[in-house]
2 protein chains.
Amino acid sequence: MTTPTAKPAGPSRVGRKRDHSRDPEILEAALDVLAEVGYEGMTVDMVATRAKAGKATLYRRWPSKAELVIDAIACMKQHPGPGQGQVFLPPDTGTLRGDLVAMVKPKAVSDSNRHLRIMLGVASMISAHPELLEAINDIMLRPRASAYQTVFQRAIERGEIEDGVDVELMSSLGPAMGMFRALYHQKAPSRESMLRLIDHVILPAVGLSAPVESAHE
Amino acid sequence: MTTPTAKPAGPSRVGRKRDHSRDPEILEAALDVLAEVGYEGMTVDMVATRAKAGKATLYRRWPSKAELVIDAIACMKQHPGPGQGQVFLPPDTGTLRGDLVAMVKPKAVSDSNRHLRIMLGVASMISAHPELLEAINDIMLRPRASAYQTVFQRAIERGEIEDGVDVELMSSLGPAMGMFRALYHQKAPSRESMLRLIDHVILPAVGLSAPVESAHE
DNA sequence: TTGTTCCGGAACTGATGAGTCTCGTATATG
DNA sequence: CATATACGAGACTCATCAGTTCCGGAACAA
């Protein structure tokens, strides 16, 4: 059973090395296609073509289309896309409303839009792949949830709102409305609709009133 | 060009008649499969088998899989399923909270659950088939919206809440949270979560407070 | 009765796409 | 240089599924 050529103990050390610097481009291409046509409409050829790679190259790195997609979603946090840093870290503006408004910067909104389209693309996969839901939660939900957590905690500490506010419930309102608009009305969650949600729903729910002059910003 | 046999002016009058009493069963089977595996995972064979019909019978009545699905969704309101009447008509309980709570009866919740699963099943089709979105809105959104409209209007008329409340925004909160829970947490929108939404979000947003004793019901 | 159309069932066709393999080339080890 | 692997590109296999056609039988019209 000692066949040194058939089953090398250590991984092969000979030959050209796999160029892992291409991984991010391939995964990014996969996310693009996913956002555009959804998981079922996406073909491995589309991804390979967009990444200017061979299909065999993809299959050398990921065992199946499903694994590729799961990895692409799982890697979103490490490669958040071109020019996007940490979008959700909340600046301390001194008021709850200021913090909430700062969280719906145009950049954050367009980022959410992409997340949303990717999410809808894999919606049908989720029940069959629980690890996918985990990854999605890690990337799309928990960062926002923790940002909201921080914002509300600050408001509690400065005495602006009372303790005992259901932070989890408040934090879901934004994402839920965004998804709802995206699916039912086929339009991106706009900054305007999010401001309306903040002033007419979230702030009253925590015992604050919207500014009387709700003109702009 | 007068070929009476090739192109009869009136529809054929000879032979066995199409048994349209089977249509509802077929459409119902299509909705079942749709809710279970989504549009892309659904095959015409599955629908035919479940309806105990031949695939040819289906194609004799609908020109394509897409048309079948669109028709199935469009016909939901006429055939709301076994034992389900008009679920959303709001009883007048005398208070806004009473009306809202009455709208999340277990029957209505389970009904919404099925609607939700069907909706997620066709999510990927919607951008390619605008008429599908129309039908979905007719069946799943507008009945609920008009029910909310009535409930809030009654509250305004009895002076319980002030005029000028953003009824549309308030009405989307329930469906949006239901969808969000269904997709992200993979669990049905429960009656309990809806009650939490009513007491902690909707009522405060319209200027009312939840009952101090929020024990049960 | 006879001709026509429907029925459920099943075989068939054609397209599509996941996954594999081959080719010529590039890049690594020894 | 010789060997071994990765690369992009594309041909290939094989399974699945939309849509069609055929079958034996039933329903309906003339």
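Below, chains carry the letters A, B, ... as their sequence lines are ordered, and counting in each starts from 1.
Under 3.5 Å, the side chains of A:S21 and A:D19 contain a donor-acceptor pair of N or O atoms. A side-chain N or O of A:R144 and one of A:S112 form a donor-acceptor pair less than 3.5 Å apart.
Between the side chain of A:R16 and the base of D:dA6 there is at least one donor-acceptor pair of N/O atoms closer than 3.5 Å. Looking at B:K55, its side chain has no donor and acceptor atom pair within 3.5 Å of the base of C:dG8.
Among D:dG8, C:dC7, C:dT29, the nucleotide with an atom closest to any side-chain atom of B:R61 is C:dC7. Among the nucleotides D:dA18, C:dT4, C:dG19, the one closest to the side chain of A:S64 is C:dG19. With distances taken from any side-chain atom of B:T43 to the nucleotides D:dC17, D:dG8, C:dG19, the minimum falls on D:dC17. For A:K17, counting side-chain heavy atoms from C-beta on, the closest listed nucleotide (C:dA28, C:dG3, D:dG19) is C:dA28. Counting only heavy atoms from C-beta on, B:K65 has its side chain closest to D:dG19 among C:dC6, C:dT22, D:dG19. Closest to the A:A53 side chain, of the nucleotides D:dG8, C:dG8, D:dA18, is D:dG8.
As judged by a 4.0 angstrom heavy-atom cut-off over every strand, A:A48 is placed among residues making no nucleic acid contact. Across all strands shown, B:R60 has heavy atoms under 4.0 Å from base atoms, whether or not it also approaches the sugar-phosphate. Looking at heavy-atom distances under 4.0 Å, B:M46 makes no contact with the nucleic acid at all.
Summarising the geometry, the separation between CG on B:D45 and C1' on D:dG19 is reported as 10 Å, rounded to the nearest angstrom. The separation between B:E40 atom CD and D:dA18 atom P is 10 Å, rounded to whole Å. The CG atom of B:D19 sits 9 Å away from the P atom of D:dC28 (whole-angstrom rounding). One atom, CZ of A:R50, and another, C1' of D:dG8, lie 18 Å apart when rounded to the nearest Å. Atom CG of B:L58 is separated from atom C1' of C:dG8 by 11 Å (rounded to the nearest Å). If you measure from atom NZ of A:K52 to atom C1' of C:dA26, you get 19 Å, rounded to the nearest angstrom.
The residue among B:Y59 and A:H20 whose nearest nucleotide of DNA chain D is located toward the 5' end is A:H20.
Inter-residue side-chain proximity for B:R114 and B:D32 is flagged as met; some heavy-atom pair is nearer than 4.5 Å. Side-chain contact between B:F180 and A:L173 is absent, with no heavy atoms from C-beta onward closer than 4.5 Å.
A cation-pi contact links B:K65 to B:Y39, judged by a cut-off of 6.0 Å to the six-membered ring centre and 45° from its axis.
Considering only side-chain N and O atoms, A:R22 lies under 4.0 angstrom from the phosphate OP1 or OP2 of D:dG8.
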